[in-house]
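Working notes, structure below.
All of these numbers come straight from a predicted model, not from anything done at the bench. Each chain gets a letter, A, B and so on, in the order its sequence line appears, and its residues count up from 1.
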Amino acid sequence: MSIFVDETTKVVYQGLTGSQGRFYGLRNRDYGTQVVAGTNPKKAGTDVDGIPIYASVTEAKEATGATASCVFIPAPGVRAAVLEAAEAGLELVVVITEGVPAHDEAYFFNKVKRDFPRTRILGPNCPGIISPGKANIGITAGEIAHPGGPVGIVSRSGTLTYQALYELKLQGIGVTTCVGIGGDPVPGTSFIDCLEAFQADPETKAVMLIGEIGGTGEEEAAEFIATKMDKPVSAYIAGVTAPPGKKMGHAGAIVSGGKGTAQAKMDALAAAGVRVGQNPTEAGQHMVDLVKELGLT
Amino acid sequence: MDLFEYQGKQFFATYGIPVSPGDVATTVDEAVAAAERIGAWPVVVKAQVQVGGRGKAGGIKLAGDLDEVREHATNILGMDIKGHTVERVWVEEATDIAEEYYASFTLDRSAKKHLGMLSAEGGVEIEAVAESNPGAIAKIWVDPVDGLDEATARAWVEEAKLNPGATDGAVEVLLALYRAYVEGDADLVEINPLVLTTRGQVHALDAKVSLDGNSEFRHPEYAEYDATQERDERETAAHDKGLQYVGLEGTVGIIANGAGLAMSTVDIVSQVGGRPANFLDIGGGANADVMAGALEVINNDPDVKSIFINIFGGITKGEEVANGIVQAMGRVQIDAPIVIRLDGTNAEQGRAILADHESDTLISKPTMLEAARAAVELAAGR
């Protein structure tokens with residue numbers, strides 16, 4: 001099994017007619033994802049390589065039975081796009097767009113949580129989600145992920161996630177689902193949301209967590225792992241040597257007022273029994289060891 | 001993007017938060033002219049630097065007449081405060097302070113709501129108050145969908161136990177401060193101290209404002225703030241090329257694709273005993289143009305003794321990345337030796353392309369750890 005998305009997930013791409021949306025939307029379809037529709041109020045009735053374009057998410061949903069959306073809309077329009085998808089009743093809204101204002105994120109996160117509790121937001125500023133062999137929604141290179149299981153991955157960073165997927169693939173270890181929660185201050189889906197789903201998924205036997213400086217998501221994850229999980233976890237945290245007060249590429253990757261340091265996160269995770277790697281390769285090796293110890297290779 | 005105090009006060013003023021009349025000056029003569037325009041005595045001459053402890057360093061002085069303004073401005077302009085050179089002073093009418101408070105709004109990332117903090121103990125570092133007397137800080141969490149209403153603000157002020165005479169004024173300031181925080185797209189707005197004057201007015205005596213650069217598209221006024229940002233030359237060059245760059249103080253220049261991988265590269269160079277010169281994220285694609293721009297930025301840093309390029313190819317395949325690097329190197333005259341670690345999709349093909357160009361000054365290593373060691377060794381040997 002997988003979490004959040006699989007081969008039955010029907011996806012509408014908000015921004016499919018733009019260059020990024022088209023490029024990744026078609027790649028995702030080639031991977032096997034059910035890319036059923038795109039939206040653009042000015043281009044309704046046209047198509048992108050055979051994928052029909054509708055004026056709104058609601059119309060796309062009614063016509064195609066879409067259950068999820070993937071947002072490639074430029075940052076100024078993301079707030080409206082997310083609310084439109086939630087109002088249409090979609091279950092999952094994956095926001096790839098980078099550079100969304102933090103106040104917009106805080107607004108739509110709370111609005112959706114209150115008024116559309118069935119809708120899950122993933123991102124913004126995330127690579128998306130891939131259940132290898134079933135569905136790939138976003139910008140991950142599908143070929144670097146090995147299908148099957150037993151590992152689930154949750155990460156705040158794109159390239160470090162790809163590194164992890166690739167290293168596991170080289171060892172012949174499969175992944176149930178890899179979720180990129182994104183590097184922004186208000187992620188729609190948290191580490192805990194993913195850990196909870198992985199804990200409940202029978203095919204996921206171990207979880208790899210990739211975090212970075214800023215916020216308290218990793219500390220909260222450690223608490224959850226210690227009290228609510230029996231599956232083993234390995235982790236890596238980037239930014240040990242990041243200077244305080246500087247945003248390190250991601251809007252959310254900042255140590256401020258002495259809070260959000262990599263060391264504090266690594267300590268919290270280690271105290272929760274997580275095997276913490278000092279670099280991505282070591283964390284990958286920890287995961288390989290865990291899988292072997294479980295007798296799964 | 002952090003604002004200077006004078007910009008913060010101008011920002012506050014546009015949202016109706018009371019601040020003292022004043023003006024900014026970059027020369028002694030301008031400071032004197034500013035004091036003349038204010039026309040009320042005494043005035044305060046305040047160094048404009050984005051670092052705490054200005055007062056202790058002699059960067060804030062009271063002046064009773066124009067001669068004193070001239071004297072203080074002469075001393076303060078050009079002064080070094082914790083490594084920051086004072087290029088501007090703010091001259092404002094002095095305030096008769098009865099009491100000092102603290103007020104701020106920022107995002108609570110854990111609660112995913114806005115956090116307001118208010119304290120009757122102002123004028124000192126709020127972190128110190130949080131440590132010594134946490135009960136003295138009244139906190140509220142504001143749902144961004146609801147916003148802050150007057151009744152909530154009033155209850156909050158009462159909980160903070162300010163002087164009852166300050167209640168009405170504080171409520172007004174807090175409502176305006178919340179509006180400035182949301183409508184201005186700030187990451188942080190802080191007034192410390194928020195003062196009650198001897199005449200019973202509530203007034204922002206300082207302003208600390210940090211704006212969200214992602215909101216620039218709906219705030220034309222950000223361009224003016226951006227122009228005065230304190231950046232080192234390397235950061236300015238990278239910023240102009242649209243690269244994500246943070247200057248550090250070491251000798252190993254770093255280029256990586258993806259923020260996480262770039263952070264991780266900085267970490268691993270430190271772990272093997274080296275000192276990274278920078279954080280530089282070139283984003284996902286890693287094509288020749290972007291790579292050439294990144295190499296130019298790194299090459300202009302005189303402290304760089306070696307360069308570590310760390311690329312993971314995903315959708316951009318290894319051979320495209322390798323060709324991009326080779327092309328970029330042909331376009332930029334590089335002084336320092338380069339170590340490349342290329343991994344991911346078609347890494348083998350990519351490494352084969354790099355192998356044709358390998359030399360003493362271009363080395364390819366298959367893992368991050370080996371590449372980091374090689375780069376650190378090269379930096380140490382030069």
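- Among B/Asp185, B/Ile268, B/Asp143, the residue making the largest number of heavy-atom pairs under 4.5 Å with chain A is B/Asp143.
- Chosen from B/Pro276, B/Ala186, B/Gly313, B/Ala347, the residue pairing most often with chain A at heavy-atom distances under 4.5 Å is B/Ala186.
- Relative orientation of the B/His114 and A/His103 rings is tilted, given thresholds of 30° and 60° on the angle between their planes.
- Residues satisfying the side chain to side chain contact (heavy atoms under 4.5 Å, CB included) criterion with B/Asp301, sequence neighbours excluded, are B/Arg234, B/Tyr245, B/Ala277, B/Asp303, B/Val304.
- Considering only heavy-atom pairs separated by less than 4.5 Å from chain B, the leading option among A/Ala262, A/Pro185, A/Ala251, A/Ala102 is A/Pro185.
- For A/Gln163, the parts sitting under 4.5 Å from any heavy atom of chain B are the backbone and the side chain alike.
- Evaluation of the ring-ring contact (aromatic ring centres under 6.0 Å, His included) rule for A/Phe72 yields A/Tyr24 as partners, not counting sequence neighbours.
- The aromatic rings of A/Tyr162 and B/Phe312 are tilted relative to each other, their planes meeting at an angle between 30° and 60°.
- Closest approach of B/Gly258 and A/Thr159 over heavy atoms only: CA-OG1, 3.1 Å.
- The distance from atom CZ of B/Arg109 to atom OG of A/Ser190, rounded to the nearest 0.5 Å, is 13.0 Å.
- The pair A/Lys247-B/Asp187 counts as a salt bridge, with a side-chain nitrogen and a carboxylate oxygen less than 4.0 angstrom apart.
- Ranked by heavy-atom pairs under 4.5 Å with chain A, the list B/Met368, B/Glu127, B/Gln271 is led by B/Gln271.
- The main-chain N or O of A/Thr241 is found under 3.5 Å from a side-chain atom of B/Asp267 such that the two form a donor-acceptor pair.
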